[in-house]
Amino acid sequence: MKITLKPVGDVADGTVEKLSDRVGSVFHCPVETRAGFGDSTEAYDPQRRQYDSSKLLTSLGKAEREERVVGITDVDLYVPRLHFVFGEADIGSGTAIVSLCRLRQEYCGLDPDEALLLERAAKEIVHELGHTFGLEHCPNGNCVMHFSNSLADTDVKEVHFCDKCRPKIVF
Ligand SMILES: [Zn+2]
Ligand SMILES: [Zn+2]
């Protein structure tokens with residue numbers, strides 16, 4: 001199994017590489033970073049001033065056998081029924097997308113905190129990867145598969161799978 005992280009649109013230099021280390025230490029498998037694509041305009045909704053998460057997810061294509069692909073973006077993502085999403089996964093194609101936008105302290109008017117941003121992003125990436133491995137949401141608030149409605153939920157949960165979820169991961 002290998003995991004590939006791809007920037008989608010402009011993502012600060014080094015961010016994806018730093019995330020790959022964190023994600024690799026959870027799954028104990030190689031994590032590569034590959035060039036993504038720069039143009040997300042087709043997924044932009046000018047009324048919402050957000051990007052259609054599912055469209056960006058589809059444009060990542062399909063992961064290879066024994067591979068999972070996660071797009072990392074800095075734009076704000078939505079799905080039609082929700083105000084926003086931190087990320088989305090598609091089990092069929094083995095792909096997922098995660099947005100850094102609302103994980104930033106700046107989004108709430110606070111001072112930037114890169115370490116906190118990376119910690120939150122790693123949790124959301126591991127969460128979406130968990131979905132691509134067949135896991136559903138977990139009632140345990142400390143488990144990475146717990147659904148994050150807000151940043152507070154993300155900050156409470158750990159980057160790891162709980163004892164009930166971990167054995168369910170099907171590589
Ligand atoms: Zn989820
Ligand atoms: Zn769990």
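Predicted model, so just to flag it, every value in this text is computed and none were measured. Throughout, residue positions are numbered sequentially from 1 according to the sequence presented. Whatever order the structure lists ligands and atoms in, that order sets their numbers, starting from 1. The figures here come from the full heavy-atom set of this structure, side chains too, leaving out hydrogens, waters and symmetry mates.
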Chemist: How would you list all residue pairs meeting side chain to side chain donor-acceptor pair (under 3.5 Å) that involve residues 77-87, not counting sequence neighbours?
Modeler: D45-Y78

Chemist: Of all the atoms in C143, is at least one N, O or S atom closer to the Zn ion (ligand 2) than 2.8 Å?
Modeler: yes

Chemist: Give, rounded to 10 degrees, the angle between SG (C162) and SG (C165) as seen from the Zn ion (ligand 2).
Modeler: 110°

Chemist: Just wondering, do V8 and S40 contact through their side chains at under 4.5 Å, heavy atoms?
Modeler: yes

Chemist: Nearest 10° is fine: what angle sits at the Zn ion (ligand 1) between NE2 from H137 and NE2 from H127?
Modeler: 110°

Chemist: Could you give the distance from CZ (R166) to CG (D163), rounded to the nearest 0.5 Å?
Modeler: 9.5 Å

Chemist: Do we get R102 above F86's six-membered ring, with its NZ or CZ under 6.0 Å from the centre and within 45° of the axis?
Modeler: no

